[in-house]
Enquirer: 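So that we are looking at the same thing, I have put the structure below in structure tokens.
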Amino acid sequence: MKVSIITPVLNEEDNIDKFIEQLYSLDTSGIISEVIVVDGDEEGSTIGTISFEWEKLLTMVSPKGRAFQMNVGAGAATGEVLLFLHADTLIPVDGLASIEAYLKKGIDCGAFSFSTDSKHLFLKLVSFFTNIRSRMTKVPYGDQGIFMKKSVFDEIGGYSEIPILEDVDLMKRLKKRGYSIGILSEKAVTSCRRWEKQGVYRTTFKHRWIMLRYYVGIKPQKLKR
């Protein structure tokens, strides 16, 4: 299986080259079809700073918003499998092979387990409970690296173009349609920069508060504000 990696970016100038270089180092067996970086700044402020050269790298711009950006990237993808990966998330060395093996078992879509690059005890607890939740609910979040067969993505109609929680919405629609969703034991590692910038406890509480309000019916457009 060939994997197309789709990454929405906005103001990732300091991180993008490191991210692409890590993906390049993982492509030892040629499993990557292309890496598509979609900039939410129509001026291309992030993709304009990329200096790492790779023939499999594609760049484009779209309206701002992860859902818009990832749909644009998926439209250009040629791989049988789509991996939606944030620019501040790194996947394990054997991550691509694990995706391939998992899908060959008949699983339609899934994600990695969650972890951060922080040694903060509280964030380790957050990771632990996030993984329990995602295995129980089969609703992983975008920073876990969501993957699926392209045929499944096309059939479901892609991401709903909503301002936030497009990942949760997508997984709920997949579950409703009866697609199988699995969580890999291998961990994707997400940068803790958001927690460090806004505060570990404050950021965690904000996330939980948003999710609680979403599940009681508050629309994403209001939650974004």
Side-chain angles (χ1 to χ4, degrees), residues 3 6 8 66-67 70 81-86 88-92 94-149 151-153 155-160 162-192 194-195 198 200-220 222-224:
V3 179
I6 299 161
R66 280 179 174 160
M70 291 187 289
V81 179
L82 306 179
L83 169 60
F84 297 96
L85 192 63
H86 295 177
D88 62 353
T89 299
L90 302 178
I91 60 175
D94 57 351
L96 297 174
S98 296
I99 290 174
E100 182 179 26
Y102 215 52
L103 294 177
K104 284 182 175 179
K105 293 178 181 178
I107 302 297
D108 296 308
C109 49
F112 292 94
S113 294
F114 176 78
S115 67
T116 74
D117 59 3
S118 174
K119 295 182 179 179
H120 197 295
L121 178 59
F122 184 76
L123 287 182
K124 289 184 180 296
L125 289 173
V126 168
S127 298
F128 176 76
F129 287 110
T130 295
N131 289 323
I132 291 176
R133 179 203 54 76
S134 63
R135 283 180 168 80
M136 291 179 62
T137 64
K138 302 297 183 183
V139 180
Y141 295 160
D143 48 13
Q144 291 176 242
I146 292 173
F147 60 85
M148 68 188 67
K149 298 172 184 175
S151 58
V152 171
F153 184 83
E155 197 280 332
I156 202 72
Y159 283 96
S160 298
I162 53 181
I164 61 170
L165 301 179
E166 72 290 331
D167 47 358
V168 176
D169 172 84
L170 178 68
M171 303 315 291
K172 288 177 67 178
R173 286 188 289 125
L174 288 165
K175 285 179 63 177
K176 187 175 181 179
R177 295 288 286 272
Y179 287 109
S180 54
I181 302 171
I183 308 298
L184 294 173
S185 58
E186 292 87 349
K187 294 179 179 180
V189 181
T190 293
S191 170
C192 64
R194 288 176 296 170
W195 286 275
Q198 300 180 9
V200 169
Y201 304 108
R202 180 177 183 275
T203 302
T204 302
F205 175 79
K206 181 179 72 173
H207 290 172
R208 300 283 68 78
W209 178 238
I210 288 172
M211 290 307 304
L212 175 63
R213 298 182 74 201
Y214 173 75
Y215 277 108
V216 298
I218 306 299
K219 298 297 183 183
K222 185 174 182 179
L223 293 176
K224 174 67 175 178

Enquirer: Quick one: do Leu85 and Ile6 satisfy side-chain contact (heavy atoms from CB on, under 4.5 Å)? Show the steps, please.
Expert: CA-CA 6 Å; Leu85 192 63; Ile6 299 161; over 6 Å; no

Enquirer: Of all the heavy-atom pairs spanning Ile210 and Leu223, show the shortest one and how long it is.
Expert: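 Nearest pair, atom of Ile210 first, then Leu223: O-CD1, 3.8 Å.
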
Enquirer: If only atom types and distance count, is the side chain of Ser115 paired as donor or acceptor with the main-chain N or O of Ala188 below 3.5 Å?
Expert: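 Yes.
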
Enquirer: Name all residues meeting the salt bridge (charged side-chain N to carboxylate O under 4.0 Å, His left out) criterion together with Asp167; count only those two or more places apart in sequence or in a different chain, and write none if there are none.
Expert: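 Here no residue qualifies.
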
Enquirer: Residues two or more places apart in sequence or in another chain: which of them pass side-chain hydrogen bond (donor to acceptor under 3.5 Å, both in side chains) with Arg173?
Expert: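 By the side-chain hydrogen bond (donor to acceptor under 3.5 Å, both in side chains) rule, Arg173 matches Ser160, Asp169.
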
Enquirer: Could you give the side-chain donor-acceptor pairs of residues 125-139 under 3.5 Å, partners two or more places apart or in another chain?
Expert:
| unit_1 | atom_1 | unit_2 | atom_2 | d |
| --- | --- | --- | --- | --- |
| Ser127 | OG | Leu123 | O | 3.1 |
| Thr130 | OG1 | Val126 | O | 2.7 |
| Asn131 | OD1 | Phe114 | N | 2.7 |
| Asn131 | ND2 | Phe114 | O | 3.0 |
| Asn131 | ND2 | Ser127 | O | 3.1 |
| Arg133 | NH1 | Val139 | O | 2.8 |
| Ser134 | OG | Thr130 | O | 3.2 |
| Ser134 | OG | Asn131 | O | 3.2 |
| Arg135 | NH1 | Ser113 | OG | 3.4 |
| Arg135 | NH2 | Ser113 | OG | 2.9 |
| Arg135 | NH2 | Leu184 | O | 3.4 |
| Thr137 | OG1 | Arg133 | O | 2.8 |
| Thr137 | OG1 | Val139 | N | 3.2 |

Enquirer: Nearest 0.5 angstrom please: Phe153 CZ to Leu82 CG, how far?
Expert: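 Between Phe153 CZ and Leu82 CG, I get 6.5 Å after rounding to 0.5 Å.
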
Enquirer: What residues form a side-chain hydrogen bond (donor to acceptor under 3.5 Å, both in side chains) with Ser151, not counting sequence neighbours?
Expert: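 In terms of side-chain hydrogen bond (donor to acceptor under 3.5 Å, both in side chains), with neighbours along the sequence ignored, Ser151 is linked to no residue.
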
Enquirer: Once rounded to the nearest 0.5 Å, what's the spacing between atom CZ of Arg194 and atom OG1 of Thr203?
Expert: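 If we round to the nearest 0.5 Å, Arg194:CZ and Thr203:OG1 are 8.0 Å apart.
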
Enquirer: In chain order, what residues pass the salt bridge (charged side-chain N to carboxylate O under 4.0 Å, His left out) check against Glu100, with sequence neighbours excluded?
Expert: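 Partners of Glu100 under the salt bridge (charged side-chain N to carboxylate O under 4.0 Å, His left out) test: Lys104.
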
Enquirer: For Thr190, give me all partners under side-chain hydrogen bond (donor to acceptor under 3.5 Å, both in side chains), at least two apart in sequence or on another chain.
Expert: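 side-chain hydrogen bond (donor to acceptor under 3.5 Å, both in side chains) list for Thr190, sorted by chain: Thr89.
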
Enquirer: side-chain contact (heavy atoms from CB on, under 4.5 Å) for Asp108 and Met148? Distances and angles first, verdict last.
Expert: CA-CA 6 Å; Asp108 296 308; Met148 68 188 67; over 6 Å; no

Enquirer: Please list all pairs passing the salt bridge (charged side-chain N to carboxylate O under 4.0 Å, His left out) test where one or both residues lie in residues 176-191, with sequence neighbours left out.
Expert: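 Checked against salt bridge (charged side-chain N to carboxylate O under 4.0 Å, His left out) - neighbours excluded - the pairs reaching residues 176-191 are Glu155-Arg177.
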
Enquirer: To the nearest 0.5 angstrom, please state how far the CG atom of Leu165 sits from the NZ atom of Lys172.
Expert: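 It comes to 9.5 Å.
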
Enquirer: Identify, with sequence neighbours excluded, every residue that meets side-chain hydrogen bond (donor to acceptor under 3.5 Å, both in side chains) alongside Lys219.
Expert: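 Counting only residues at least two positions away or on another chain, Lys219 forms no side-chain hydrogen bond (donor to acceptor under 3.5 Å, both in side chains).
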
Enquirer: With Arg208, which residues qualify under salt bridge (charged side-chain N to carboxylate O under 4.0 Å, His left out), at least two apart?
Expert: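 Listed in chain order: nothing, the list is empty.
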
Enquirer: Roughly how far, to the nearest 0.5 Å, is CE of Met70 from CD1 of Ile146?
Expert: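 Spacing of CD1 (Ile146) from CE (Met70) equals 7.5 Å.
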
Enquirer: Give, for atom CD1 of Ile162 and atom OH of Tyr159, the distance between the pair rounded to the nearest 0.5 Å.
Expert: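 It is 11.0 Å, given to the nearest 0.5 Å.
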
Enquirer: Among residues at least two apart in sequence or on other chains, which ones pass side-chain contact (heavy atoms from CB on, under 4.5 Å) with Lys224?
Expert: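 So Lys224 forms a side-chain contact (heavy atoms from CB on, under 4.5 Å) with Pro163, Ile164.
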
Enquirer: Mind listing the closest non-hydrogen atom pair of Phe112 and Ile183 along with its distance?
Expert: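 For Phe112 versus Ile183, the nearest heavy atoms are O-CG2, 3.9 Å.
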
Enquirer: Parallel, tilted or perpendicular, judged at 30° and 60°: which one describes the rings of Trp195 and His207?
Expert: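 Plane angle over 60°, so perpendicular.
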
Enquirer: Do you know the tightest heavy-atom contact between Ala111 and Phe147?
Expert: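 For Ala111 versus Phe147, the nearest heavy atoms are N-CE2, 3.2 Å.
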
Enquirer: Sequence neighbours left out, what pairs pass salt bridge (charged side-chain N to carboxylate O under 4.0 Å, His left out) with at least one residue falling in residues 110-120?
Expert: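 Every candidate salt bridge (charged side-chain N to carboxylate O under 4.0 Å, His left out) pair involving residues 110-120 fails, so no pair, neighbours aside, qualifies.
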
Enquirer: Kindly indicate whether the side chain of Val152, heavy atoms from C-beta on, has any atom under 4.5 Å from the side chain of Leu174.
Expert: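 A side-chain contact under 4.5 Å exists here.
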
Enquirer: Can you tell me if His86 uses its side chain to pair, donor with acceptor, with the backbone of Asp88 under 3.5 Å?
Expert: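 Judged by distance alone, no pair lies under 3.5 Å.
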
Enquirer: Return the CH2 to CG distance between Trp209 and Leu212, rounded to the nearest 0.5 Å.
Expert: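 The CH2 atom of Trp209 sits 6.0 Å away from the CG atom of Leu212.
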
Enquirer: Does the pair Val189 and Thr116 meet the rule for a side-chain contact (heavy atoms from CB on, under 4.5 Å), with working shown?
Expert: CA-CA 5 Å; Val189 181; Thr116 74; 5.8 Å; no

Enquirer: Would you name the heavy atoms of Pro220 and Tyr214 that are closest together and state the gap between them?
Expert: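 Nearest heavy atoms, Pro220 then Tyr214: CG-CE1, 4.2 Å.
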
